*Asks:* 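Attaching a single structure in structure tokens format; questions to follow.
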2 protein chains.
Amino acid sequence: MAKLLAKQKRMTDAVRTQAPASEAVDDYLKAIFQLSGHPERQVASNEIALHLSITPASVTNMLQKLAAQEPPLVIYKKHHGVKLAKAGKRRALEIIRHHRLIETFLHQVLDYPWDEVHQEAERLEHFISERFEERIAAKLGHPKFDPHGHAIPALDGSLPSQEPQAFAMLRPGQSANVSSVSDNDPEMLRYLAAQGIRPGVRLTLSEQLPFQGSYRVRVGTSSKLALLSHSLVQSIFVTIK
Amino acid sequence: MAKLLAKQKRMTDAVRTQAPASEAVDDYLKAIFQLSGHPERQVASNEIALHLSITPASVTNMLQKLAAQEPPLVIYKKHHGVKLAKAGKRRALEIIRHHRLIETFLHQVLDYPWDEVHQEAERLEHFISERFEERIAAKLGHPKFDPHGHAIPALDGSLPSQEPQAFAMLRPGQSANVSSVSDNDPEMLRYLAAQGIRPGVRLTLSEQLPFQGSYRVRVGTSSKLALLSHSLVQSIFVTIK
DNA sequence: TTTCAATATTAGCCATACCTAAATATTACT
DNA sequence: AGTAATATTTAGGTATGGCTAATATTGAAA
Ligand SMILES: [Mn+2]
Ligand SMILES: [Mn+2]
Ligand SMILES: [Mn+2]
Ligand SMILES: [Mn+2]
């Protein structure tokens, strides 16, 4: 705190641009990054609004601000969506790196259960310093994946271009290894853990019950089968090999 | 983020009170706590303004808000200063506990040098959860002191009522053990470390040069004496025994 | 090619949070 | 009682981030 008197002055001067970098800005950038997918496509205002639970008008407003920054954080084409500009992508990946490193740290060093790490990381990701980031990465031996199997962006922002596949896409009889699971629903994570489902475990789809019913799944080499709902199965991502 | 639509409505209703608990509020409460000392005395608006580098008008404004909360965070007597109310003292001690636990954690677990922990803790203290606090305390074995020798408030807010004495108060010939050092000036901390001065070390005042000059000090049982400026010596607190 | 529904943008506002300078008031000494 | 130091009030500023309602654009279906 302790706003310096100089600040007020400086802001009314010629500069005006330069990164605000608030929690809200971070969250927009993360949202755009996640929604733009692979290969990268333009993201519509509506999608962002939906993702963040705000109105499209608010989104347009913010996109204009982000595009007006120097350097711009997004490339914004009126009526045609946005994509991240260089600086925006850098920041998004930085936040995601923070998030996943923090999750891993909380789990491995502070013994958090895997269903509690996400919430805490969601806040702290915005406030840790570069130093902190570097120190926990070192402490953890520069991990490549977080507790849910999500890849941690490297310092230069690079990510393995793994195309994760939803388990729901498999056909009965097929097997695959869990690569990651969604991390935002604690209850679901506890349930998955109870079923022995976590990154690295091999799953075999036995059958899908008719009319979009549940999935009967063998977990590892266990003898009895787990019965997983459609929504559950959509949160499990696998690599077939 | 993701402000829920309900919020807007609710705030214009009857409730209105209840804790905002922002970084600024935290910093006011910490300032009042530190300034009110032992035994506790009323703190003047001016002192707070000075401490936080803002104007007295801003302070009055904030004090009124803090006093109006339900429950009140401060007891504010117009023209007669404030002191912390129960809830305010609880919060102040909570933040101070956070701060000192984080400092200790950064130093011991993440190998931060002792001159860098303060800055990082100053930010993070506002954002960690109760869970995080509990976990790092456990990891550290519930430490009683931070790297600068400051006592860490217990969970119930209790603090050892040690009356730390400025080393500057000693008379030539006297010896004392360093209990703590000021933690806000990194350069000074590096200098002290270089002189071997840290909590627990025994200091003997050999002489003070005339006209408020430097202090000649024996550090531990070393043979040669350190020469410390007046301002340096005022940042060192000791217990005589 | 026209029409229209879906989508997006603009305009005008609201609320919160902090802070300021200047005018005014209070207190506590001398 | 007078006055200097201190504090408060008044009035207003900046910044962020959100909303509604009115309007505009786009693109696909007719
Ligand atoms: Mn976040
Ligand atoms: Mn994760
Ligand atoms: Mn702080
Ligand atoms: Mn300290």
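As a basis for the values below, the full set of heavy atoms in this structure was taken, side chains included, without hydrogen atoms, waters or symmetry mates. Residue numbering restarts at 1 for every chain, and letters A, B, ... go by the order of the sequence lines. From a predicted model like this one, the values you see are computed outputs, not experimental measurements.
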*Asks:* Starting from the 5' end of DNA chain D, give me the residue, H80(A) or P56(A), whose nearest nucleotide shows up first.
*Replies:* P56(A)

*Asks:* Compare the minimum distances between each of dG17(D), dA7(D), dC19(D) and the side chain of A24(A), then state the nucleotide with the smallest one.
*Replies:* dG17(D)

*Asks:* Taking only side-chain nitrogens and oxygens of K78(A), does any of them come within less than 4.0 Å of OP1 or OP2 of dT10(C)?
*Replies:* yes

*Asks:* Return the nearest nucleotide to the side chain of V25(A); candidates are dG17(D), dG18(D), dC18(C).
*Replies:* dG17(D)

*Asks:* Restricting both atoms to N or O, compile the protein contacts to nucleotides 21-25 of chain C shorter than 3.5 Å, with distance only.
*Replies:*
none

*Asks:* Can you list everything that forms a ring-ring contact (aromatic ring centres under 6.0 Å, His included) with F127(A)? Sequence neighbours excluded, please.
*Replies:* F127(B)

*Asks:* Considering only side-chain heavy atoms of S45(B), which listed nucleotide, dT8(D), dC19(C), dA28(C), is closest?
*Replies:* dT8(D)

*Asks:* Between dT9(C), dT9(D), dT6(D), which nucleotide has the shortest distance from any of its atoms to the side chain of Q64(A)?
*Replies:* dT9(C)

*Asks:* Taking only side-chain N and O atoms of Y28(A), does any of them lie within less than 4.0 angstrom of OP1 or OP2 on dT16(D)?
*Replies:* no

*Asks:* Give the minimum heavy-atom separation between L101(A) and P143(A), together with the two atoms involved.
*Replies:* CD2-CG, 3.9 Å

*Asks:* Among all residues two or more places apart in sequence or in another chain, which pass the side chain to side chain contact (heavy atoms under 4.5 Å, CB included) test with A44(B)?
*Replies:* E47(B)

*Asks:* Using ring-ring contact (aromatic ring centres under 6.0 Å, His included) as the criterion, list what pairs up with H118(B), not counting sequence neighbours.
*Replies:* H99(B)

*Asks:* Residues in ring-ring contact (aromatic ring centres under 6.0 Å, His included) with H230(B), at least two apart?
*Replies:* Y215(B)

*Asks:* Going by the rule side chain to side chain contact (heavy atoms under 4.5 Å, CB included), which residues pair with S214(A) if we only count those two or more places apart in sequence or in a different chain?
*Replies:* L209(A), L227(A)

